[in-house]
Amino acid sequence: MTKSKADEEDYWNSSKFKAFTFDDEDDELIRLKESRQAVNSIRRLVEEDDDEDDVEKVSWSGEPVGSISWSVKETAASNQRTDREPAFPKIPTDTPSLSKSQSGYSLSSLFKGETGGRGNFQSFTDTLSDSSIRLYAPELRKPKSEYKDYVSDWSPEETIQRLQQGKTAPLEKFRSLQDKLLLLDFAVSAHDGNVITAVLIYLKRTLSKEVLFRELESRQTALRHFIHYLTETKDQRLLLELLRFAHTCLPVTPVYLLPFSAEDSAHVQDHYTLLERQIIIEATDQQAERGGKVEIFQKFPRRASILNMPLITTLYYCCFYHYSEPEGTYSSPLNIRQTFKISGKQYFVTALAARAKLKAWLDVDALFTSRNWLGFTRKKSPLSFQRVVDVLQKNSAPTQVLQDYVGLVEDPDMRISLAQKHKCHDIVINTYRDMKDRQQLLGYRGKVGRGSAEERKIDELLNNQQIRWKN
Amino acid sequence: MAAHLSYGRVNLNILREAARKELREFLDKCAGSKAIVWDEYLTGPFGLIAQYSLLKEHEVEKMFTLKSGRLPSADVKNIIFFVRPRLELMDIIAENVFSEDKHHSSRDFHILFVPRRSMLCEQRLKEQGVLGSFINIDEYILDLIPYDGDLLSMEYESAFRECYLENDQTSLYHTAKGLMTLQALYGTIPQIYGKGDCARHVANMMLRMKREFAGTQNQILPVFDTLLLLDRNVDLLTPLATQLTYEGLIDEIYGINNGYVKLPPEKFAQKKQGEASKDLPTEPKKLQLNSAEELYAEIRDKNFNAVGAALSKKAKIISAAFEERHNAKTVGEIKQFVSQLPHMQAARSSLANHTSIAELIKDITTSEAFFDNLTVEQEFMTGVDTDKVNTYIEDCIAQKDPLIKILRLVCMQSVCNNGLKQKVLDYYKREILQTYGYEHILTLNNLEKGGLLKPQTSSRNNYPTIRKTLKLWMEDANEQNPNDISYVYSGYAPLSIRLTQVLARPGWRSIEEVLKMLPGPHFEERQQLPSGLHKKRQQGENRTTLVFFLGGVTYAEIAALRFLSQMEDSGMEYIIATTKLVNGTTWIKSLMDRPESQTP
């Protein structure tokens, strides 16, 4: 801890990541290749006796022959074919000595105290574990409550314990409200949802709604289980009554019961507005498409209904089919942008993708155009030009279009790699010229067509005495 | 088949054997020939316990998947339904039983609920008028399933959701029950530590259950020295990060389910010589992954960047072994070679499989998208710009990348900033709802309830303090020859495992301040051992800790614990238990509402 505080800050906040390095990538690849070669050559060696019996049999789907999920499929298939006895592959049991011996003990016997005495344990341990682990009667042999098995006068606590153990225990004998609530409280403190639900079912049957609701008010855990139960059983009527009750009487619960906070309700409102719009747009466009008069629907028939699509998908749709509509219409992209407060970036990307898909390059161009105070137009984008090229290329824009945008990528290295990828030779050449990199330019000469205009241009530059090359 | 369960420090085969015994007992209760109708979900977990041969020995002649309509015909005396306690399954069973009665009246029906009977389900059967048709209604307690030599899972997918969103602690009750069973088999665990509300609950229930079974004492020499109970919500960050171990990446990319993975088949096609590569298989290739496979046990926990080297080393060894046949001259030598052939072939096919998987993963980890995503994750984990809207996330939303990917990143940013500024949170929420659909407001709400996404309440962000005190970020993580657990995330040391590590040495007292910043109480309990069971420890003998992750654990965390077990001077061996094996994707999915309605 001799580091100064500043050093330490620096250390922890440094953003240079070498982690999960790809430095030795080639090395790693070569190593994988080595292993692949070995695999292939060995395969040739042993081809003749491939897939011998000693190797665990695996069906193509991969389950070892004999596994349960494999067998389910096998028997089902054979059953479909005929009713003949299916031939099951005979496989040796995993630990024959064990499966045959009837000794050993089961999980439940541990709890039920049914173990056969030490003799059995002994043989079990002999076969399984080394002698250092000694097994005697386990700790959980007999719960106290079991002694009363034949008496049916269980207290609420004992009743809950029995239910937890999967035994029967009549709830009907608990008649007073106090007893019923005791049952519920013991169930809740046992944290066993199954038992809580069982008690709630009994309470629902034997208590009036008003009383039950009132008592649940102070028992949040039980209340949540009750709501879950009503939801599961689709008891909408009672659920609604409970919600109404909660709304008027329980100041705390509505937040839980009604899932939306104040901020979120704005989103819910937006969802509603969107659906309204979609219904109108869908109806209008369906008619237009059927009418056969609107060109765009003929050229690009709609693939699916716009109903229930997300907002951005709807915006894309409108940018595609309704791009130039005045702002007053429901389907106008600008109107949608305004109504739902779509961020500038999202709007831009969506419009760009939609217009590029239609190959409406003029529209694409217009998206970037802004005039500065001198009246010159220049291209501006809320998105990095690298991403713009990405979007355009995904929509199969031609090289002429692409190069306009590749040229605007600021970082020269990035610009060159994109230009090379998209074969925008001019940009590559100009960038190398600007970087005064003679070597790279010379290298690139080999990549353009022989006798092409690009080659001539490179030659001109290389012969240009005015340029001071850095290499 | 299950021998790998008994190789570890603790023989988990005892637990598996107990579970098998229980299953046999139930099957014998239904005398005569039987057919099992499976809730398909259960075939996976059951596969970890038993094979079809065991069922066959107990007169199971047919097996079907539970489907609505009429049951397939089968000439058996008993029809047994193996189902989870779910209402929708009860309706299908009722339908099966109804359409059955008219044709055969002689078949007996039984239900085996896994893992517990449910009054609600029985009531539904009663309402449907079929409850009386069942001769046996029973439960099969499958609380802790031995998953590997050092790993137990409850395969209880919804545990985190139930505990933190629905406030339903039934899964904790099952956990406590499972731990009681474990203690019955492996002795009372003398020390219990815990951190988090759920951990406290489980410990309380365990202590109470112990009191309820008074009178008898557990006479088994304790196998575990310590139990550590950890709430998942103490460390929400780790599962959100992309795992970078071999096994972790297999799970991130293809998903490991009940020990199996399904892979694209192209790389696995066997081309025989002289045969034209005709129809390629179209069904996914399914592989079982566990420590029974020697090579897998060796490489599963390595950082993926170290896997290539390990595979190539193995390839050389195997090639050399095959070359040996040229040296075999005498009959004895040839015999010797032949006797080793099966083992060598198994090794060869194992190498072939893992080379293919590594190639598949390599394609993804070398992609730009993977790298960009990882860079942002690491920026967040080191505390870079966590307080503003992140451009990469914005771009991913604009590209409509899978919603779960977005949620993982946004949640991670929130966790690393101890909550997002209201303005930032609102912006993300609006972008997500507008792009993926307003219905996801329910999911966002769930994430807020679970604490993964939240507005900043105090101006103080304590994540940097936690990160520094626990050394969660190691600048010089060594991927090839690790000397610290941070190698599993190439720099990030999982918080949960740091807590475990510190507990072993020097103890939690040294990090009281940080423990107070993390949610929920931390505590220590002792369970009395009968005299005579106190272990006399040999010099240099390791202690054994059972670490129980309530709400899920990732493969990378498991790898980190295995790394600690293997460290020479750690003096501690770890056995891992969890409600479910998770990764960021499956975890977030379990917290979503209507995840299936996600737009592609």
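The sequence lines fix the lettering, A, B, ..., with proteins before strands; numbering per chain opens at 1.
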Checklist entry - Could you walk me through whether B:Glu212 and A:Gln161 pass the side-chain contact (heavy atoms from CB on, under 4.5 Å) check? => result CA-CA 10 Å; B:Glu212 281 166 12; A:Gln161 278 176 14; 3.4 Å; yes
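- We find that A:Arg387 and B:Asp395 are joined by a salt bridge, their nearest charged nitrogen and carboxylate oxygen being less than 4.0 Å apart.
- Of the two parts of A:Ala190, the backbone and the side chain both hold a non-hydrogen atom closer than 4.5 Å to a non-hydrogen atom of chain B.
- Ranking B:Leu433, B:Leu120, B:Asp75, B:Leu311 against chain A, the residue ahead of the rest is B:Leu120, based on heavy-atom pairs under 4.5 Å.
- Between B:Tyr438 and A:Phe340, the ring planes are tilted. Angles from 30° to 60° get that label.
- Note on A:Thr313, A:Val349, A:Asp270: by heavy-atom pairs under 4.5 Å with chain B, the leading option is A:Asp270.
- Classification of B:Lys316 and B:Glu323 as a salt-bridged pair fails, no side-chain N sitting under 4.0 Å from a carboxylate O.
- Between chain A and the residues B:Glu394, B:Glu139, B:His354, the most heavy-atom pairs under 4.5 angstrom are made by B:Glu394.
- At a 4.5 Å heavy-atom cutoff, B:Leu172 makes no contact with chain A through either its backbone or its side chain.
- With a 4.5 Å cut-off on non-hydrogen atoms, A:Tyr316 does not touch chain B at all.
- Considering only heavy-atom pairs separated by less than 4.5 Å from chain A, the leading option among B:Glu431, B:Met119, B:Gln434, B:Gln399 is B:Gln434.
- Interface remark: B:Glu162 contributes no atoms to any contact with chain A (heavy atom separation under 4.5 Å).
- With a 4.5 Å cut-off on non-hydrogen atoms, A:Thr233 touches chain B through its backbone and its side chain both.
- Taking chain A as the reference chain and counting heavy-atom pairs below 4.5 Å, the highest number among B:Met344, B:Arg208, B:Arg116, B:His343 is found for B:Arg208.
- With a threshold of 4.5 angstrom between heavy atoms, A:Leu200 does not approach chain B through any atom at all.
- Heavy-atom distances place the side chain of A:Leu274, and not its backbone, under 4.5 Å from chain B.
- Of the listed residues (B:Ala398, B:Gly44, B:Ser312, B:Ser171), the greatest number of heavy-atom pairs within a distance under 4.5 Å of chain A belongs to B:Ser312.
- If you measure heavy-atom distances from A:His271 to chain B, the contacts under 4.5 Å come from both the backbone and the side chain.
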*Determine, step by step, whether B:Glu359 and A:Lys33 satisfy the salt bridge (Lys or Arg N to Asp or Glu O under 4.0 Å) criterion, reporting the C-alpha distance in whole Å, the side-chain angles of both residues, the deciding distance to 0.1 Å, and the verdict.*
CA-CA 9 Å; B:Glu359 284 168 349; A:Lys33 273 182 198 141; over 6 Å; no
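- Counting heavy atoms from C-beta outward, B:Pro72 and B:Phe64 have side chains that approach closer than 4.5 Å.
- Only the side chain of B:Tyr427 comes within contact range of chain A, with heavy atoms under 4.5 Å apart.
- For B:Asp426, the CG atom sits in a packed shell: over 12 heavy atoms of surrounding residues, nucleotides or ligands are nearer than 6.0 Å.
- Under 3.5 Å, the side chains of B:Asn303 and B:Ser490 contain a donor-acceptor pair of N or O atoms.
- Taking the charged nitrogens against the carboxylate oxygens, B:Glu17 and B:Lys21 have no contact shorter than 4.0 Å, which rules out a salt bridge.
- For a residue to count as touching a neighbouring chain, one of its non-hydrogen atoms must lie under 4.5 Å from one of that chain's; by this rule B:Ser356 touches chain A with backbone and side chain alike.
- No part of A:Thr350 comes within reach of chain B, as not one of its non-hydrogen atoms sits under 4.5 angstrom from that chain.
- When only modelled atom types and interatomic distance are considered, A:Ser35 and B:Thr355 share a side-chain donor-acceptor pair under 3.5 Å.
- Side-chain contact, B:Gln169 with B:His201: a donor N or O sits under 3.5 Å from an acceptor N or O.
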